[in-house]
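Worksheet: the structure to be examined is printed underneath.
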Amino acid sequence: MTVVTRFAPSPTGALHIGSARTALFNWLYARGRGGKFLLRIEDTDKARSTDANRQAILDGLTWLGLDWDGEPIGQAARADRHVEVAQQMLADGTAYKCFSTPEEIEAFRETARANKTSTLFRSPWRDVAPADHPDAPYVIRVKAPRDGQTTLHDEVQGDVTWSNDQLDDMILLRSDGSPVYMLAVVVDDHDMGVTHVVRGDDHLANAFRQNMIYDAMGWDKPVLAHIPLIFGPDGKKLSKRHGATGAAEYQAMGYPAAGMRNYLARLGWSHGDDEFFTDEQAKDWFDLDGIGKSPARFDFKKLENICGQHIAITDDAALLHEIADFLAATGADPLTESQSDGFLKAMYCLKERAKIMPDLIEKAEFVLASRPITPDEKAAKNLDPVSRGILSELTPHLQNASWDRDTLNETCVAFAESKETKFGKLAGPLRAALAGRAVSPSVFDMMLVLGRDETLARLQDASA
Ligand code: GLU
């Protein structure tokens, strides 16, 4: 059996980080099994679905590297097929026409409330022969089981049992002939050949309603896995109060996509004690067994930590690519060719302790800036007249030094000693002259990346 999973977002808002995790779980499950990962846009709520939200979802998934198979499927466009299935159920006698008016239904509920009985509507039309039907507006309802229980097996929740008297004869087609969402989900999952439904546990109750349609149509049922929501660090449902909740916000802050994938995978799923892993490992390890039953807590520190580890192992060219994407996504100027070259040369000394793209960019300032370097306020303090004098005395020593780390180190240390000071005292002014910043790679790394000519020119600029 080929595994087919799907992500079925409603384009009524941007891509939430919890939805991104749902997409990731489905993606990992399919990709780890040579299966298919499909995307279905559930746009039946016309009033709230927008093209901008649809695009934001596609962009978010693309940024996260969660590629889907084939074209995204639009749910609203499949309405005719949903209607066809409702008509089939009608023909099969698993659904019926209900002519009750909204007033009659409300009257039923009022009586039920007064009698303290169930307010789930029991239509008087359920068993009325078509010959006795009036010529009046109607809805099509499913014939829900009235007695007994339904037990659904869920890979995360275990066996979940509902008493059938909790199920109502839900509407499949409204009086204007339009299909309801619950029907659309089942028909689409069936037609798309979905074998595993992995989604938020806020849909668990829907599973029982959807199950009636599978039974009525005699269709194979998908494996179910309803995953717990994501909580904030305080154990309350993750919200803006805790920090960013939209995938796009993390992209705009410059979190690396590989780190996000790793962290989101760990949010509610575990593989032993492994915290840090590659995509390949995640695809290999991911299984529904590893998903926990209780809500995971979003831990911003852990996310940063994992992201830092991913930056450290990402190869330089790929990282440069990601930086370019980040700059484009945030509307910043693109890197020039020479800035890109410089970035690539410097990358080895930028990665340490970097957790997000802006950390790399900030440290790369020394290769991005061109002469004359304008020191920022902090760096300018290191370029007082005395320091400038020292830099100008150091310059001839560097002119003749061979340009490798050991020699540069020895030269600077020896020079500092000759001035009866420590090399540490030189570092601030050097940093200010070379980078114009207090945050930069080590002065030797900068010298090596910039090369002799550029280094000396910057020192001369600063000491002039
Ligand atoms: N459209 C639903 C949502 O965004 C998902 C439905 C499903 O996965 O079955 O919550």
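Order of appearance sets the numbers: ligands from 1, and atoms from 1 within every ligand. Heads up: numbering here begins at 1 and tracks the sequence.
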### Task
Using only heavy-atom distances, determine whether the side chains of Asp169 and Tyr96 contain a donor-acceptor pair under 3.5 Å.
yes

### Task
Report the nearest protein non-hydrogen atom to atom 10 (O) of ligand 1: residue, atom name, distance rounded to 0.1 Å.
His203 NE2, 2.9 Å

### Task
For Glu42, take its heavy atoms, then give the atoms of ligand 1 lying under 4.0 Å from any of them.
1 (N), 2 (C), 5 (C), 6 (C)

### Query
Got an N/O contact under 3.5 Å between Arg40 and ligand 1?
no

### Task
Look at atom 5 (C) of ligand 1 and say which protein heavy atom is nearest, naming residue and atom and giving the distance to 0.1 Å.
Ala8 O, 3.2 Å

### Message
Minimum heavy-atom separation for Leu66 and Ala20, please, with both atom names.
### Response
CD1-O, 4.1 Å

### Message
Quick check on contacts: which atoms of ligand 1 are under 4.0 angstrom from a heavy atom of Arg199?
### Response
7 (C), 8 (O), 9 (O)

#### Entry: Any N/O pair Pro9/ligand 1 closer than 3.5 Å
no

### Message
Only heavy atoms of Arg6, strictly under 4.0 Å: list the atoms of ligand 1 that pass.
### Response
7 (C), 8 (O), 9 (O)

### Minimal non-hydrogen separation, Ile17 against Ile230, with atom names
O-CD1, 4.4 Å

## Note on the structure
Correct closest heavy-atom pair for Gly35 and Arg31 would be O-NH1, 3.5 Å

### Phe276/His310 under ring pair (Phe, Tyr, Trp, His ring centres under 6.0 Å): CA gap, chis, key distance, verdict
CA-CA 8 Å; Phe276 171 69; His310 277 277; 4.7 Å; yes

#### Entry: Phe208 and Val160, any side-chain heavy atoms less than 4.5 Å apart
yes

### Task
For Tyr181, counting its heavy atoms only, list the atoms of ligand 1 lying under 4.0 Å from any of them.
1 (N), 2 (C), 5 (C), 6 (C)

